Amino acid sequence: MTVDQHDSPAAREDGSREPDRPGPPRLSRRPALDGKAASGHREPRPRRRAAVRRHPLVAVFVGVVWAAIMQVRLFAGGHVGLAGSSENMPCQLGLANFRQAGLAGWEFVQPTWTSHTWTGENCPPELSTALLAQAAGKWLTPLLGYPGALDLRALGVAFGLLVGVVCGLLVAVVPGRAAVRAAFASAVGLVYADAAFAGYLVSPHAEPVALVAAGFLVVALLLLWERPTVPRILGAVVPALLVVGARPEYVTFVPVIVFALLWVRGRRVVALMAATWLAGLGIFHAVTEARFDDHKVVFRTILYDDPTAAADLTSLGLDPQLAPAAGLSRHDEDWAPFADEYHFTAHPTPLQVAGFYAARPWHAIRTLGWGFQGVAAFSPDHLGSYPAGAGRTEGEREHRIAVYSALWEVFRGGPLLILVLWAATAGAGRLVVRRRSLTPAEKTVGRLAVFLPLAATAQFAVVVLVHGRVETVRHMAMTSWLTALCVPVLAMAVALVLTRLRPVPRWQHTG
């Protein structure tokens with residue numbers, strides 16, 4: 001009789017242990033014991049990593065279903081989207097959208113863009129990875145039979161298919177039974193299909209590229225954390241580049257992604273190289289493309305309903321005589337008398353604004369409150385969802401699928417509950433990562449649960465600093481998407497903690 005039969009009780013498939021039972025002797029699968037082991041000393045059993053089942057048929061089925069759902073959701077009964085107000089990005093590709101007279105650009109979706117030669121400053125330079133998608137849309141437009149040089153509906157078709165791919169890949173990389181994986185992927189699909197985000201897929205904004213690329217980034221990080229290899233590290237860098245390059249404020253993803261890439265065992269040199277590449281791109285993008293508009297931050301945020309406007313202008317290095325312009329937009333008629341004086345005044349930098357908030361907590365609390373209200377609002381209600389001629393009122397929003405929008409009523413009533421959701425998600429993720437009874441594949445969910453609140457918090461901070469209370473809801477689109485994704489990730493992390501309360505020896509772990 002071997003040492004195994006006396007010292008190691010039988011293990012069930014669920015990881016629990018049974019007491020010894022009488023029965024026929026079993027042959028040990030271990031190699032022959034040497035003299036030291038025979039004397040009572042046991043060599044540590046090597047930890048084996050079983051291959052993670054990918055469930056390819058289930059993944060394909062879920063991906064196809066969600067690709068079809070997104071097409072029906074966007075186009076059945078007439079297409080929907082999101083109106084583009086002051087979006088100049090397509091003009092970089094020689095495109096123009098001459099809206100109907102009397103329309104400001106926010107009432108209706110204008111999907112068709114035509115070729116146009118721009119001269120002068122009417123088309124300010126704006127580099128973004130979203131231009132790659134719009135260039136692909138120019139190629140897809142005639143293939144799909146849409147009019148014009150670029151029709152945003154072609155982008156909707158492509159992005160809808162990519163959402164299906166994301167959902168299918170999530171089934172393949174998330175641990176658990178097939179039904180659990182399909183439910184989790186469907187919960188993520190509902191985030192994309194929700195009325196708060198689906199409209200972006202048919203719009204001239206940069207957000208759709210960032211949101212879809214962020215989905216692929218989640219898939220890549222789950223694969224990377226499960227088993228770090230060079231191809232998986234490089235695979236995580238590609239969607240990360242698309243996210244970081246979409247808008248200047250997405251530079252906050254750089255330190256969070258660096259943290260994610262370095263949170264692996266082994267191959268840290270390659271991860272560090274990839275992180276350095278990301279950091280360089282992010283810094284370049286922030287320095288060359290970010291145009292800090294201190295007017296929005298100072299006059300429309302800090303000075304908004306501010307009884308000490310003159311003193312605060314002095315603290316920011318501006319002329320206190322501009323105090324009567326507090327709260328005014330550049331488009332207001334009352335702003336005209338102050339325009340020249342403001343133009344020739346030294347303007348504060350983001351660092352100076354951050355120092356101002358640090359020295360005046362009251363202003364910081366006010367601005368943070370507006371930021372949380374923007375995340376709680378969830379959907380940019382001032383931008384229309386329907387095309388002109390669809391029989392809808394100006395600026396009307398659609399709510400074909402609004403699961404998360406309905407859930408967000410809780411946060412609209414108490415915006416600070418968003419902090420509770422972030423903290424709960426990160427806390428549950430930490431428990432998952434630290435629990436020794438979980439497999440490496442299961443711990444990837446815990447790491448994702450830590451990653452999402454970090455990314456949401458970083459993005460929230462930069463939007464509050466750079467945009468203040470101006471169009472906060474739309475600028476918080478990425479923060480809101482990351483926050484919505486916390487809901488299914490938190491549920492899965494809690495389920496993992498509750499189902500593995502009993503510790504399992506390391507040698508029984510499987511992948």
Side-chain angles (χ1 to χ4, degrees), residues 61-85 105-112 133 137 144 146 151-168 170 182-205 207-212 214-215 374-412 473-474 476-478 480-485 487-488:
F61 175 77
V62 172
V64 170
V65 167
W66 272 102
I69 289 175
M70 292 303 300
Q71 302 304 318
V72 173
R73 190 255 178 276
L74 290 173
F75 299 104
H79 75 274
V80 294
L82 192 67
S85 179
W106 56 265
E107 300 98 334
F108 298 109
V109 177
Q110 304 289 334
T112 304
L144 297 177
Y146 288 124
D151 197 293
L152 300 177
R153 289 171 288 185
L155 292 177
V157 172
F159 285 133
L161 294 176
L162 290 176
V163 168
V165 174
V166 170
C167 294
L170 284 174
F184 177 81
S186 297
V188 176
L190 279 174
V191 176
Y192 282 108
D194 196 272
F197 304 107
Y200 284 108
L201 305 185
V202 184
S203 76
H205 301 281
E207 279 80 3
V209 171
L211 295 176
V212 174
V375 179
F378 205 53
S379 179
D381 290 335
H382 68 291
L383 297 176
S385 300
Y386 294 95
R392 303 287 181 168
T393 59
E394 293 183 356
E396 183 177 348
R397 294 301 311 276
E398 60 85 20
H399 298 283
R400 295 177 179 178
I401 298 178
V403 176
Y404 285 89
S405 293
L407 176 64
W408 243 244
E409 289 295 335
V410 176
F411 299 110
R412 294 186 188 101
V473 180
R474 186 174 76 84
M476 287 288 184
M478 178 58 73
S480 299
W481 185 87
L482 293 167
T483 306
L485 210 61
V487 176

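Since we're looking at a predicted model, the values are computed, not measured. Values reported hereafter were calculated over all heavy atoms of this structure, with side chains retained and with hydrogens, waters and symmetry mates removed.
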Would Val166 and Leu162 satisfy side-chain contact (heavy atoms from CB on, under 4.5 Å), going step by step from the backbone distance to the final call?
CA-CA 6 Å; Val166 170; Leu162 290 176; 5.6 Å; no
Could you give me the CA-CA distance, side-chain angles and deciding distance for Trp66 and Leu190, then say whether side-chain contact (heavy atoms from CB on, under 4.5 Å) is met?
CA-CA 9 Å; Trp66 272 102; Leu190 279 174; 3.8 Å; yes
Is there a side-chain contact (heavy atoms from CB on, under 4.5 Å) between Trp408 and Thr483 once you walk through the steps?
CA-CA 10 Å; Trp408 243 244; Thr483 306; 3.6 Å; yes
Would you please test Val375 and Phe411 for side-chain contact (heavy atoms from CB on, under 4.5 Å) and show each step?
CA-CA 9 Å; Val375 179; Phe411 299 110; over 6 Å; no
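Heavy atoms only, all atoms of each residue included: Phe197 and Ala477 are closest at CE2-O, 3.6 Å. Summarising the geometry of Tyr404 relative to Ala187, their closest heavy-atom pair is OH-O, 2.9 Å, with the distance given to 0.1 Å. Across Pro380 and Val473, no two heavy atoms sit closer than the pair N-CG1, 3.5 Å. Across all non-hydrogen atoms, the minimal contact from Gly189 to Cys167 is CA-SG, 3.7 Å. When all heavy atoms of Phe75 and Arg153 are compared, the pair lying nearest together is CZ-O, 3.5 Å. Counting all heavy atoms, side chain and backbone alike, Val109 lies closest to Gly81 at CG2-C, 3.7 Å.
Using a distance-only test at 3.5 Å, with no hydrogens or angles considered, no donor-acceptor pair links the side chain of Arg392 to the main chain of Phe108.
The shortest side-chain heavy-atom distance between Arg412 and Phe378 falls under the 4.5 Å cut-off. Under the 4.5 Å side-chain criterion, counting only non-hydrogen atoms from C-beta, Leu201 is in contact with Val212. Side-chain contact between Gln71 and Val157 is present, with heavy atoms from C-beta onward closer than 4.5 Å. A 4.5 Å side-chain heavy-atom check between Tyr200 and Arg474 finds at least one atom pair inside the cut-off. Annotation: side chain of Leu485 is in contact with side chain of Val188 (closest heavy-atom distance under 4.5 Å).
Other residues, nucleotides and ligands place no more than 12 heavy atoms under 6.0 Å from the CZ atom of Phe61.
For the atom pair NE2 of His205 and CG of Leu152, the computed distance is 9.5 Å after rounding to the nearest 0.5 Å. Between the NE2 atom in His79 and the OG atom in Ser385 there is a gap of 10.5 Å [rounded to 0.5 Å]. One distance of note links OG of Ser379 with CG of Leu82; it measures 8.0 Å at 0.5 Å rounding. Summarising the geometry, atom CH2 belonging to Trp106 is positioned 9.5 Å from atom NE2 belonging to His382; distances are rounded to the nearest 0.5 Å. For the atom pair Asp194 CG and Arg400 CZ, the distance stands at 13.5 Å (nearest 0.5 Å). Atom CG of Leu482 sits about 8.5 Å away from atom CG of Leu211, to the nearest 0.5 Å.
Using cut-offs of 30° and 60° on the angle between ring planes, the pair Trp481 and Tyr192 is tilted.
Residue pairs meeting the salt bridge (Lys or Arg N to Asp or Glu O under 4.0 Å) criterion with at least one member in residues 64-77, sequence neighbours excluded, are Arg73-Glu398.
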